[in-house]
Amino acid sequence: IEVLARREGIEVVKVNPAFTSIIGQLKYAPQYLLDKDVTGAFVIGRRGIGFREEIPENYLKLLRREEFLEYSLYKLEEKKKELKRKLEREENRWKKRAIREELKKINLDVKAVKKEIEVLKSSESNPATQDQTSGGNKLKPILVAGDWKRVVSRLVPVPGAGTIAQSTNVQFC
C-alpha cells in the first residue's frame, strides 16, 4: 500500500487498529446496520483523520448497573469452568500453557468485576453517589454474548430477513 500510495502521491496515515472492530460493533453497527468489519474500517478511517472514540454515555450507565455486572460475573465463571474442563482433558503442554494464561486473565477479570460490584453495593447506602439512569435516555440493546433475551417493542424491516422484532430494553437470563 505504501509503495502504491507513494507512486500516486497519496499520503498514508498509520493508525493503531486496536479494538476497532469492537468499537465499530458497539458504536456504529446498530446505527448504520453494518457488520463489525465494515464499522471497524470506519473507526480506522475516523482515527486516520484525527477523531477520537469515546465510550458512549449509555454504555457507561450500563457498566454501572449491578445486574449487568452480576450477569458478566456469571458469564466469566462459566467460561472459567469450561477452561478448567478443557485444561484437564488437554495433553499438549503448550496448549495447556495457553489455557492457563487465559485462565489467569479471566481470574483477573472476575476480581475486577467483584470489586466493581462491591463498590456499587457500598454506594447504595449513600443516595448522593447513585447514578440516575432513568429518564429520557433508554439504553439501546447491545449484543455482546448474543444470548440476552430482549423485550419486543416494535417491528422493523431488516434487509433480506423481512420484518423482525427489535427491542429497546435488555433483560438478563
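- Among I44, I49, T20, the single residue meeting the side chain to side chain contact (heavy atoms under 4.5 Å, CB included) criterion with V15 is I44.
- Crowding of E8 atom CD: a count of heavy atoms from other residues, nucleotides or ligands under 6.0 Å not exceeding 12.
- Linking ILVMFWY side-chain heavy atoms closer than 4.5 Å, directly or via other members, places Y74 and L76 in two distinct hydrophobic clusters.
- Taking CD from Q25 and CG from D37, the interatomic distance works out to 9.5 Å, rounded to the nearest 0.5 Å.
- Residues V12 and A5 come closest through the heavy atom pair CG2-CB, 3.3 Å.
- The aromatic rings of Y32 and Y28 lie parallel to each other, their planes meeting at an angle below 30°, with 60° marking the opposite boundary.
- Considering every non-hydrogen atom in both K14 and E2, the closest pair reads CE-OE2, 2.6 Å.
- With a 4.5 Å cut-off on side-chain heavy atoms, K81 and R85 count as touching.
- Using a 4.5 Å cut-off on side-chain heavy atoms (C-beta onward), L4 and I1 make no contact.
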For residues 97-111, please give each side-chain donor-acceptor pair under 3.5 Å, one per line with the distance, not counting sequence neighbours.
residue	atom	partner	partner atom	Å
N107	OD1	K80	NZ	3.0
N107	ND2	L103	O	3.3

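- A pairwise comparison of heavy atoms in L120 and R65 identifies CD1-C, 4.0 Å as the closest pair.
- Rounded to the nearest 0.5 Å, atoms CG (L73) and NZ (K75) are 12.5 Å apart.
- Hydrophobic clustering of Ile, Leu, Val, Met, Phe, Trp and Tyr side chains at less than 4.5 Å, counting indirect connections, keeps I23 apart from V13.
- Between the R47 side chain and the N16 main chain, a donor and an acceptor come within less than 3.5 Å of each other.
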- side chain to side chain contact (heavy atoms under 4.5 Å, CB included) assessment of V43 paired with R46: CA-CA 5 Å; V43 173; R46 287 176 51 88; 5.6 Å; no
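- Remark: E116 CD to E70 CD distance equals 12.5 Å, nearest 0.5 Å.
- V113 and L69 get closest at one heavy-atom pair: CG1-O, 3.4 Å.
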